[in-house]
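Worth knowing before you read on, the calculation uses all heavy atoms, side chains too, and leaves out hydrogens, waters and symmetry mates.
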Amino acid sequence: MKSFYQKIKVPLWIILSGFLTSLPLVITQLGFLQWVAIFPVAIMLIRSAESDIKLRKLYGRGVLFFAVYYAVSFHWFFYMYPLDFAGLSNAASIAVVLIACFGLGLFQAVQSALMFLLFGLVSRTDAVKNNKIVMPFLAASLWVVIEWWQTVGWWGVPWGRLPLGQMSFSLLVRSSALFGSYFVTFIIVAVNFCLALVIDRKSIKLIGVALAISLFCLNLALGAIVTVTYKNDGEVVKAAAIQGNIPSSEKWDINSKSKVVAIYKELTEKAAAEGAELVVWPETALPYVLSESQSLTEFVTDLAKDNNITLIVSVFTVDEETDARYNSILEVKPDGSFGETVYSKQRLVPFGEFVPMREFVTLIFPPLANVGMLEDDLLAGDSSEVIDSEIGKIGCGICFDSIYENLMIESTGNGAEVLVVSTNDSWFSDSAALDMHNSQSRLRAIENGRYLVRAANTGISSVIDPLGNVKGELGALERGYVVEEITLHDKFTLYSSIGNLFVYLCMAFYAGLLAFSLCQKGNIKFIKKS
């Protein structure tokens with residue numbers, strides 16, 4: 001029995017650590033857990049530097065940790081069942097949901113576990129083993145790089161970043177305005193590894209605890225500085241986010257068009273009556289191509305003109321030359337004309353708006369290729385267009401765009417004074433995914449120092465200030481609107497000026513430490529002995 005326990009002890013601790021680290025992403029009130037939840041894994045990794053554990057086994061432990069982590073993060077896929085709106089049977093729906101939750105989680109875990117492998121590669125060198133105080137910064141740098149890697153291509157989904165678990169304690173994430181949310185990730189991981197140094201000699205133990213406290217206080221102090229130095233000066237306008245609360249199956253039904261139009265007309269007019277000057281609709285509130293419908297075109301132009309508002313409408317657009325379709329945002333001006341700028345969604349949802357490796361997926365598992373509502377793949381936009389409206393300069397994001405920080409940074413760099421996000425989110429039902437997605441927008445507001453107006457089809461719709469505070473919110477599965485005063489800002493935060501410089505510094509730190517370790521070990525010699 002003792003032998004069996006010894007065999008499963010480490011995997012059990014890894015599973016528990018992965019679960020508790022990810023749990024605050026779902027229940028942000030438990031955010032304090034993240035500051036200690038990585039502790040068991042940190043101890044294991046630090047001890048591995050002195051053991052003879054093989055690197056492939058270390059990598060396997062990383063896969064186990066992140067598989068659990070992402071399974072919790074992606075648990076909301078189960079709320080999508082059944083997928084009858086996509087024409088799938090119950091059996092096919094179950095298979096798709098299981099693949100989405102555990103398959104996507106495992107796919108992410110296989111990539112993220114490289115952190116364990118890369119940590120083990122350097123931590124076993126004499127240079128690091130003899131200076132264990134470096135290990136927290138080594139682990140934190142690698143975790144940052146892994147999170148950033150998820151934003152590079154379609155293979156990564158940066159849905160479960162550590163800072164999202166801290167949104168109930170927004171002061172702890174406001175340092176994102178200086179160095180981005182990756183800095184918060186760095187601090188959380190480094191604190192856990194510093195505390196794990198208690199397993200070592202007494203001198204390192206005291207230094208580790210002191211360093212953990214110092215890092216936590218540093219992040220807190222930077223958040224306080226951002227808070228006290230924030231100035232809410234600029235032109236004030238009233239903005240509204242409209243939430244039609246129309247199920248996807250109903251929204252896409254051509255027979256429901258008149259009902260959908262009536263709902264958005266009523267809600268928009270009520271928001272305008274309360275003084276809204278800028279009105280934002282959810283993603284594909286009208287899932288049509290306006291240029292192909294004279295009646296819908298007249299509807300939105302008359303609505304904007306009659307209510308004297310700037311209306312942000314999310315619809316499909318078509319490239320007349322290639323016939324390619326885009327998920328786009330259009331501006332309808334108060335005089336009833338369309339703005340010249342069209343923003344098209346840059347980060348499309350895999351298996352929702354396009355199918356990666358479509359032929360292969362169709363051959364292996366056809367239902368997964370047919371889960372979306374569209375017959376053909378959409379094309380992604382290639383630039384962060386800013387709408388120069390009568391209200392001010394508006395930076396746009398559509399749904400999935402909001403979880404990629406570089407897109408909003410580009411918008412701010414292009415002059416955006418306010419950010420808007422149009423999203424659907426009806427696929428999430430009333431699951432924790434709604435709060436998780438809304439938290440992404442809160443991070444984008446902090447990073448860029450901009451008000452953000454978020455309109456969701458079935459929730460959550462919100463107006464967020466540059467400190468990440470939610471000024472107004474409409475919850476899940478409610479029909480209505482949110483009207484709040486917002487301030488237009490044109491000053492840059494440090495982060496929106498330097499971008500992901502902190503990430504590149506983490507990369508350089510690891511590369512430098514690796515090179516130094518190899519030199520110390522004698523594998524690389526720059527100076528020949530005489």
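- Taking CG of Leu215 as the start and CD1 of Ile187 as the end, the distance is 5.0 Å to the nearest 0.5 Å.
- At a threshold of 4.5 Å between non-hydrogen side-chain atoms, the residues Asp425 and Asn457 do not count as touching.
- One finds the CZ atom of Phe179 at 13.0 Å from the CG atom of Asn500 (value rounded to the nearest 0.5 Å).
- A side-chain N or O of Glu283 and one of Asn327 form a donor-acceptor pair less than 3.5 Å apart.
- Remark: aromatic rings of Phe102 and His75 are distant, center separation not under 6.0 Å.
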Please step through side-chain contact (heavy atoms from CB on, under 4.5 Å) for the pair Leu172 and Val184, ending with a clear verdict. CA-CA 8 Å; Leu172 292 173; Val184 181; 5.8 Å; no
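- In this structure, a donor-acceptor pair under 3.5 Å is absent between the side chains of Asn414 and Ser384.
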Run the side-chain donor-acceptor check on residues 53-66: report pairs under 3.5 Å with partners two or more places apart or on a different chain.
from  : atom 1 : to     : atom 2 : distance (Å)
Tyr59 : OH     : Val110 : O      : 2.7

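- Between Glu478 and Gln243, the shortest heavy-atom contact is O-NE2, 2.7 Å.
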Could you walk me through whether Ser344 and Ser328 pass the side-chain hydrogen bond (donor to acceptor under 3.5 Å, both in side chains) check? CA-CA 4 Å; Ser344 295; Ser328 305; 2.9 Å; yes
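- Using modelled atom types, one finds a donor on one side chain and an acceptor on the other under 3.5 Å when comparing Thr185 with Glu147.
- For the pair Asn192 (side chain) and Ile38 (backbone), a donor-acceptor distance under 3.5 Å is present.
- Leu443 CG to Leu452 CG: the interatomic distance, rounded to the nearest 0.5 Å, is 11.0 Å.
- Residues Thr227 and Leu467 form a side-chain contact, since some pair of their non-hydrogen atoms from C-beta on lies under 4.5 Å apart.
- Between Ile312 and Tyr343 there is no side-chain heavy-atom pair separated by less than 4.5 Å.
- The backbone N or O of Ala210 lies less than 3.5 Å from a partner atom in the side chain of Ser214, making a donor-acceptor pair.
- Side-chain atoms of Thr28 and Ser168 form a donor-acceptor pair, as typed in the model, at a separation below 3.5 Å.
- At a threshold of 4.5 Å between non-hydrogen side-chain atoms, the residues Phe193 and Leu45 count as touching.
- Judged by distance alone, with hydrogens and angles left aside, the side-chain atoms of Arg450 form no donor-acceptor pair with the main-chain N or O of Leu419 at under 3.5 Å.
- Atoms OG and CD1, from Ser22 and Ile27 in turn, are 10.5 Å apart once rounded to the nearest 0.5 Å.
- Ion pairing of Arg444 with Asp401 is absent here, as no side-chain N (NZ or NE/NH1/NH2) approaches a carboxylate O to less than 4.0 Å.
- Ser496 and Asn448 share no donor-acceptor pair across their side chains, judged by distance under 3.5 Å alone.
- Sorted by first then second residue, the salt bridge (charged side-chain N to carboxylate O under 4.0 Å, His left out) pairs that include residues 496-514, not counting sequence neighbours, number zero.
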Criterion side-chain contact (heavy atoms from CB on, under 4.5 Å) on Leu197 and Ile133, from CA distance to verdict: CA-CA 8 Å; Leu197 291 176; Ile133 201 67; 3.7 Å; yes
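- In terms of heavy atoms, Gly180 sits closest to Tyr495 at N-CD1, 3.3 Å.
- In this structure, the side chain of Ser461 does not engage the main chain of Ala241 through any donor-acceptor pair within 3.5 Å.
- With rounding to the nearest 0.5 angstrom, the CZ atom of Phe137 is 11.0 Å from the SG atom of Cys506.
- Between Leu164 and Met436 the shortest side-chain heavy-atom distance does not fall below 4.5 Å.
- Taking both residues in full, the closest heavy atoms of Ser123 and Val128 are given as CA-CG1, 3.8 Å, listed atom of the first, atom of the second, then distance.
- Val144 pairs in a side-chain contact (heavy atoms from CB on, under 4.5 Å) with only one of the listed residues (Phe183, Tyr510, Phe186, Phe509), which is Phe186.
- The shortest side-chain heavy-atom distance between Cys396 and Ile387 falls under the 4.5 Å cut-off.
- Listed by chain and residue number, nothing satisfies the side chain to side chain donor-acceptor pair (under 3.5 Å) test with Arg442 (two or more places apart in sequence, or in another chain).
- Classified by interplanar angle (parallel below 30°, tilted 30° to 60°, perpendicular above 60°), the ring pair Tyr69/Trp143 is perpendicular.
- Take Ser314 and apply the side chain to side chain donor-acceptor pair (under 3.5 Å) test, not counting sequence neighbours, and it matches no residue.
- Judged as a side chain to side chain donor-acceptor pair (under 3.5 Å), and not counting sequence neighbours, the contacts of Gln166 are Gln34, Trp35.
- Between Phe428 and Trp76, the ring-plane angle classifies as perpendicular under the 30° and 60° cut-offs.
- Closest approach of Gly165 to Leu25, counting heavy atoms only: N-CD2, 3.6 Å.
- Shortest non-hydrogen contact noted between Leu121 and Thr125 is O-CG2, 4.0 Å.
- Proximity of Pro158 to Tyr404: side-chain heavy atoms (C-beta onward) are separated by under 4.5 Å at one or more points.
- Summarising the geometry of Ser112 relative to Tyr70, their closest heavy-atom pair is OG-OH, 2.8 Å, with the distance given to 0.1 Å.
- The side-chain contact (heavy atoms from CB on, under 4.5 Å) test with Val280 singles out one residue from Val418, Val420, Ile242, and that residue is Val420.
- For the side chain to side chain donor-acceptor pair (under 3.5 Å) test, residues two or more places apart in sequence or in another chain that qualify with Ser170 are Arg174.
- Note: Trp159 and His437 have tilted aromatic rings, judged against thresholds of 30 and 60 degrees for the angle between ring planes.
- Not one N or O on the side chain of Thr21 forms a donor-acceptor pair closer than 3.5 Å with the backbone of Gly18.
- Atom OG in Ser176 sits 12.0 Å away from atom CG in Leu494 (nearest 0.5 Å).
- The cationic group of Arg347 does not satisfy the cation-pi geometry with Phe400, failing either the under 6.0 Å distance to the six-membered ring centre or the 45° limit from the ring axis.
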The test is side-chain contact (heavy atoms from CB on, under 4.5 Å); show your working for Leu474 and Ser462 and say whether it passes. CA-CA 6 Å; Leu474 196 61; Ser462 56; over 6 Å; no
As a quick check of understanding, evaluate side-chain contact (heavy atoms from CB on, under 4.5 Å) for Ile464 and Ser441, giving each step before the final call. CA-CA 8 Å; Ile464 304 163; Ser441 290; 3.9 Å; yes
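- With a 4.5 Å cut-off on side-chain heavy atoms, Leu33 and Leu30 count as touching.
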